[in-house]
Participant: 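This is the structure I want to talk about, given as structure tokens.
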Amino acid sequence: MSAPHRIQRVDALRGFALFGILAVNVWAFATGYYASGIADPAGDPVIQLIVSTLFETKFYLLFSFLFGYSFTLQLDSAARAEAAFVPRIVRRQLGLAAIGVAHAVLLFHGDILTTYAVLGMVLLALRGLSTARAVRVAIGLVVVAGTAWTLLGVLDLFTHSQVDAAAVSARVADTVAAFRGTPGTVVAEHLRQLPSTLVVVLLVQAPSALAMFLLGSAAGRERVLAEPERHRALWSWLLRAGLPVGLVGAAFYGYVATYHPGGPVETLAMGIGMLTAPLLTGGYVAALLKLFETRAVAMFSPAGKLALTNYVAQSAVLSVVFLGYGLGLIGRLPVPAVLGVAIVLYAAQLAVSAWWVRRHRYGPLEWLLRAATLGRLCSREQTMISRMADSPLPRQAAR
């Protein structure tokens, strides 16, 4: 299979994952109760159960895997260009961090780009690991982190005190008021929530993201997405074993997060979710690769080529719809309307991305990140070389 088709498949995975990211993040904009520890009185438990089970903590793992996979493509690109890889990747991570900080402060405090920027440097330091050892370290990270949270959850069953619903509701009201206010109050609220969000990212998302970085890097070396036909046994195992086990863990997490938020079982459920979510994500990849043997690959790949731009654009549009930058509809739209916003936004991104890639090689943020990576604006020859490298990526709400 030719290189363009290989890149198209990877881009299509990113493009599809953008919907998974949006399906989670839209609630962080639409309701002040998101991740508050108590249920939203105006929420729909069925919809929340579906989102918590099938989307939460799954698609940032897919993006993390693709980030690691892209790392190997960037390494190959630097070798073809006869350029020093380390300075390029350091500049790339600094550029990604700058975009992430701006995104977190102005648009969405649940940003993960800065985490990717930091963990990308860790991946750079670990690039000498063999494929087998990278896989073992990745599995170890998931097992240690997931087991630690599971054990904390067991302890929580005996020591947990009840959530003060009145106090939480008062904080939610303050948050909603700030987000409905002016651009200044929106930024101030993002800054207020950033420290607690960073703790969640560090303790919950970072170990799993780094594990998926390592798995993606190992997969890139073995060309598992470039030549999926050579790895049929892996895809079959993920569908037959990984997907069912992942769904069981996800269903337990989803049920607890929906019907017992903030309760003594939630930490336990999170730990089990951390242990099983990579299996479900792997099952998603195996199923999507089958889907992308059809024309569907052309539907999703343009959005994936502009994944960084599309990810930030999602936050920008949702900020205008729900926050004080525009309509201030946080807490005011019923659940079906929120779902409608997400679906319409994603459909628009598919259409606009298809239009854009017919006219431009890069999205706006991809162009900026490429310029930071190479340290200068490039000639046409350098552009063609750089184009062969894959792009990085986004995230999911810290939950």
Participant: Check whether the ring centres of Tyr284 and Phe59 lie less than 6.0 Å apart, and answer yes or no.
Facilitator: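 Centroid separation for Tyr284 and Phe59: below 6.0 Å.
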Participant: Please find out if less than 6.0 Å separates the ring center of Phe29 from that of Phe108.
Facilitator: yes
Participant: Determine whether a donor-acceptor pair (N or O, by modelled atom type, separation under 3.5 Å) exists between the side chain of Asn310 and the backbone of Ala303.
Facilitator: yes
Participant: Salt-bridge test for Glu189 and Arg192: reply yes if a basic N is under 4.0 Å from a carboxylate O, no otherwise.
Facilitator: yes
Participant: Of the options Leu119, Val101, Leu96, Ile99, which is the one that meets Thr114 in a side-chain contact (heavy atoms from CB on, under 4.5 Å)?
Facilitator: Val101
Participant: Looking only at atom types and distance, does a side-chain atom of Ser301 sit under 3.5 Å from a main-chain N or O of Ala12, one as donor and one as acceptor?
Facilitator: no
Participant: Between Arg221 and Ala218, is there a donor-acceptor pair closer than 3.5 Å when you use the side chain of the first and the backbone of the second?
Facilitator: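 Flag not set: sc Arg221 to bb Ala218 has no pair under 3.5 Å.
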Participant: Whether Arg14 and Asp11 form a salt bridge (side-chain N of Lys/Arg under 4.0 Å from carboxylate O of Asp/Glu) is what I want to check.
Facilitator: yes
Participant: For the atom pair OG (Ser169) and CD1 (Ile38), what is the distance rounded to the nearest 0.5 Å?
Facilitator: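 One gets 3.5 Å once the value is rounded to the nearest 0.5 Å.
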Participant: For Ser64, is there any backbone N or O sitting under 3.5 Å from a side-chain donor or acceptor partner on Tyr116?
Facilitator: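 The answer is yes, because a donor-acceptor pair under 3.5 Å joins these two groups.
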Participant: Can a donor-acceptor pair be found, under 3.5 Å and without considering hydrogens, that links the side chain of His231 to the backbone of Ala219?
Facilitator: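 A pair under 3.5 Å: no.
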Participant: Counting only N and O atoms by type, is there a donor-acceptor contact under 3.5 Å from the side chain of Ser208 to the main-chain atoms of Gln205?
Facilitator: no
Participant: In the hydrophobic clustering that connects Ile, Leu, Val, Met, Phe, Trp and Tyr at side-chain heavy-atom distances below 4.5 Å, which members other than Leu275 occupy its cluster, ordered by chain and number?
Facilitator: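 Joined to Leu275, directly or through intermediates: none.
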Participant: Could you tell me how the ring of Phe55 sits relative to the ring of Phe19: parallel (under 30°), tilted (30 to 60°) or perpendicular (over 60°)?
Facilitator: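 Phe55 and Phe19: perpendicular rings.
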Participant: Linking directly or through intermediates, with side-chain heavy atoms under 4.5 Å: list the remaining ILVMFWY members grouped with Leu157, chain and number order.
Facilitator: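 Members alongside Leu157: Leu49, Val154, Phe158, Phe252, Tyr255, Val256, Tyr259, Val265, Leu268, Ile272.
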Participant: For Leu289, is there any backbone N or O sitting under 3.5 Å from a side-chain donor or acceptor partner on Arg9?
Facilitator: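 Absent.
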Participant: Without swapping roles, check the side chain of Glu366 against the backbone of Leu308 for a donor-acceptor pair under 3.5 Å.
Facilitator: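 Checked: pair present.
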Participant: Suppose we call two aromatic rings close when their centres sit under 6.0 Å apart. Are Phe71 and Phe85 close by that rule?
Facilitator: yes
